Amino acid sequence: MKNEIIKIKNEILEALNGIKDEQVLAGIEKKYLGRKGSLTKILRQVADLSGDNRKIIGKFANDTKREIGEKLNELKKALDNSQASDSFIDVTLPGKKIETGRLNPVSIVQNELEDLFKSMGFIILDGPELESDYYNFEALNIPATHPARDMQDTFYVDIKNKKGEYDTVMRTHTSPVQVRAMQKYGAPLRCVVPGRVFRSEAIDACHEHTFDQMEGLMIDENISIANLIAVMKELLKGIFGQEVETRVRPGYFPFVEPGIELDIKCTICGGKGCPACKHSGWLELLPAGMVHPSVLKFGGIDSKIYTGFAFGLGLTRLAMMKYGIDDIRLFNSGDLRFLEQF
Ligand code: FA5
């Protein structure tokens, strides 16, 4: 019987060798030490032995059982510990940084303005960047021979019309959407039109060839310049959240009468003069005026009943002034060191 006990002990020790799984361990325990286990069965048989044999074999069997029990407990603890260390989470470690995209500062001010104008009952419209000469100039009271065309030199596109003329341009401003909107919606009308515009321009700290504007248009009965001034004030208050120093002077645009220019005191230099404001202390930001009757006519609106105002906000320059960006070229640079700051 002693030999049989030794054989089972060796069998158990061999089965436990290199064990890594708690369930396998439980299976071995059951197989040998369970109620019907092989070691348990032998231990039961010890009771049938007689005299000294029973004493000696009994002691040997009990020692073996204790030894195996201790070994099993040791292994259980080791397995528990290794599993605990595998699933341990150190909550004091810094988290993994999740990279998120960011909005360009122009998009940020655009979104803020869209919300503001929506709250005043304006709709948000879009227009084509590749525009016809008709909407970009003609319908805005700027015929082909008009000297005002020189104010906005653009990129003409190599597409000819049926008469063999080049009549497609990259739009120089968002104003072409004025007549498009009038033709589509009629009067009364309140809309703003954010978008990209293009000019063949000498580039410097405040002039880009590709920049953003936001057109504003309000047409109704009895609209006056007082309505325009009120909306301009709301616009600046909404973006800057405080009074900013501005000046208004007369401005000439063939599609408004009268026309005004609203300039903002340069927030970069505080009005002392710097490259961002062409050393003048002021930046042209928001030209505007009362819609010219001829433009209303192009839009199919009766100028005897309706009047309206329009403005053409320089959105990129507004973002410069709001965030203290001293060079407009940064916006299109694609430089992440700049873009990641917003
Ligand atoms: C216009 O584009 C007119 N369409 C604005 C308008 C609309 C007047 C409705 C009256 C009624 P202007 O060329 O001044 O106007 O441009 C408007 C604004 O765009 C400027 O005040 C300025 O803030 C911005 N802007 C003009 N040129 C550039 C440029 N090259 N780079 C960056 N911003 C510019």
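Values in this document were obtained by computation on a predicted structure and should not be read as measured data.
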Atom pairs and distances, donor-acceptor, side-chain atoms in residues 256-278, under 3.5 Å, two or more places apart:
unit_1 : atom_1 : unit_2 : atom_2 : d
D263   : OD1    : R249   : NH2    : 3.2
D263   : OD2    : R247   : NE     : 2.9
D263   : OD2    : R247   : NH2    : 3.2
D263   : OD2    : R249   : NE     : 2.6
D263   : OD2    : R249   : NH2    : 3.3
K265   : NZ     : E245   : OE1    : 3.4
K265   : NZ     : E245   : OE2    : 3.3
T267   : OG1    : M321   : O      : 2.8

> Taking only residues at least two apart or on different chains, which pairs with a member in residues 257-295 satisfy ring-ring contact (aromatic ring centres under 6.0 Å, His included)?
Replying inline: none
>> Show me the pairs that pass ring-ring contact (aromatic ring centres under 6.0 Å, His included) and involve residues 92-129, at least two apart or across chains.
In response: F117-F122, F117-F311
> Any chance CD of Q341 has more than 12 other-residue heavy atoms, nucleotides or ligands included, within less than 6.0 Å?
Replying inline: yes
Value rounded to 0.5 Å, distance of [atom1] in [X] from [atom2] in [Y]:
X	Y	atom1	atom2	result
L315	L285	CG	CG	9.5 Å
K9	K2	NZ	NZ	10.5 Å
I42	M1	CD1	CE	6.0 Å
I8	K65	CD1	NZ	13.0 Å
I219	I301	CD1	CD1	4.0 Å
I239	L313	CD1	CG	8.0 Å

> Hydrophobic cluster mates of F198, side-chain heavy atoms under 4.5 angstrom, ILVMFWY only, any path?
Replying inline: L130, F155, V157, I159, M170
>> Between K59 and D63, is the salt bridge (Lys or Arg N to Asp or Glu O under 4.0 Å) condition met? List the steps.
In response: CA-CA 6 Å; K59 185 173 180 313; D63 286 350; 3.1 Å; yes
Just by modelled atom types, is the [Y] backbone N or O under 3.5 Å from a matching donor or acceptor in the [X] side chain?
X	Y	result
D220	I223	no
S38	Y32	no
N141	S294	no

My understanding is that only residues two or more places apart in sequence, or in another chain, count here; which of them pass side-chain contact (heavy atoms from CB on, under 4.5 Å) with [X]?
X	answer
K163	N161, E165
Q183	Y135, V179
K297	none
T172	N136, F137, Q152, T154, R199

>> If you define the side chain from C-beta out and look only at heavy atoms, does anything of L330 sit under 4.5 Å from I328?
In response: no
> So do the side chains of I68 and K71 get within less than 4.5 Å of each other, counting heavy atoms only?
Replying inline: no
> In chain order, what residues pass the ring pair (Phe, Tyr, Trp, His ring centres under 6.0 Å) check against Y323, with sequence neighbours excluded?
Replying inline: F342
> Can you name the ring pair (Phe, Tyr, Trp, His ring centres under 6.0 Å) partners of F253, sequence neighbours left out?
Replying inline: F255
>> Run the ring pair (Phe, Tyr, Trp, His ring centres under 6.0 Å) test on F331 and F338 for me, step by step, so that the C-alpha distance in whole Å, both residues' side-chain angles and the decisive distance to 0.1 Å come before the verdict.
In response: CA-CA 8 Å; F331 288 91; F338 168 69; 5.8 Å; yes
>> Test: salt bridge (Lys or Arg N to Asp or Glu O under 4.0 Å). Region: residues 120-132. Which pairs qualify, not counting sequence neighbours?
In response: E129-R196, E131-R180
>> Please evaluate residues K237 and E234 with respect to the criterion salt bridge (Lys or Arg N to Asp or Glu O under 4.0 Å), reporting the C-alpha separation (whole Å), side-chain torsions for both, the decisive distance (0.1 Å), and the verdict.
In response: CA-CA 5 Å; K237 202 167 78 189; E234 278 303 305; 3.6 Å; yes
>> The criterion is salt bridge (Lys or Arg N to Asp or Glu O under 4.0 Å); which residues satisfy it with K322, sequence neighbours excluded?
In response: E112
